[in-house]
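A short worksheet on the structure shown next.
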Amino acid sequence: MPNPLEFTDAFRTFDKNGDGFITKAELAEIMTKLGENVSAADLQAWIESHDANKDGRINYREFVSFIKRINPGVATWSPAATKRLPEAKLVEYRAAFARFDKNHNGGIAGTEIADVLKALNRNPSDPRVKDVVNKLDADKNGILNFDEFVGLMETLPKLQNGEYAK
């Protein structure tokens, strides 16, 4: 079970004014930075659905509960992977993973992987990209879990820079 304090930096990324709560305005700012165009009604619905104490804001405990709900694999993250990346980057990756994991099963497969690649301006049929995805799918089940997804996000820029070799 992860230590709830490990999400402190992520929470602070959302809690722009440091008051201990995530408001609709703060959530809107983060979603915009992540490239999401979310309506005010959708933001309000999100806040309401995750606001356990119904005060109109998301506190730290509610935030941790949300993260665990959108990514059940959070408890299996390797400490090495967490240590390698800054928390702000992990927040972005968690949000992206949740966006592409359309069926919320804790993995990205098939067309979901293609959607990720297209969003990153990558051709899913490029043999180099296919090779990267196949190598990152450690358990060879055709589904990228969060750790494998982070590997994909970290590896694809290397293809562009010519650093990746088969």
Can you name the residues that form a side chain to side chain contact (heavy atoms under 4.5 Å, CB included) with Glu48, not counting sequence neighbours?
-> Gln44
Co-membership, hydrophobic cluster, residues Ile22 and Val91, 4.5 Å side-chain | yes
Does Leu90 belong to the same Ile/Leu/Val/Met/Phe/Trp/Tyr cluster as Leu144, with side-chain heavy atoms less than 4.5 Å apart forming each link?
-> yes
Would you check if [X] and [Y] make a side-chain contact, meaning some heavy-atom pair closer than 4.5 Å?
X: Ile58; Y: Ile47; value: yes
X: Leu27; Y: Phe14; value: yes
X: Glu62; Y: Asp51; value: yes
X: Lys16; Y: Thr23; value: no
X: Ile113; Y: Phe100; value: no
X: Arg61; Y: Asn53; value: no

Any donor-acceptor pair under 3.5 Å linking the side chain of [X] with the backbone of [Y]?
X: Asp101; Y: Asn105; value: yes
X: Glu112; Y: Ala109; value: yes
X: Glu26; Y: Asp15; value: no

Starting from the C-alpha separation in whole Å, work towards a yes-or-no answer on side-chain contact (heavy atoms from CB on, under 4.5 Å) for Val150 and Phe146.
-> CA-CA 6 Å; Val150 170; Phe146 182 75; 3.4 Å; yes
Going from OG1 on Thr13 to CD on Glu29, what distance comes out if it is rounded to the nearest 0.5 angstrom?
-> 11.0 Å
Going from CZ on Phe11 to CZ on Phe21, what distance comes out if it is rounded to the nearest 0.5 angstrom?
-> 7.5 Å
Of the non-hydrogen atoms in Arg99 and Lys102, which two are nearest, and what is the gap between them?
-> O-CG, 3.9 Å
Phe149: what forms a ring-ring contact (aromatic ring centres under 6.0 Å, His included) with it, not counting sequence neighbours?
-> Phe97
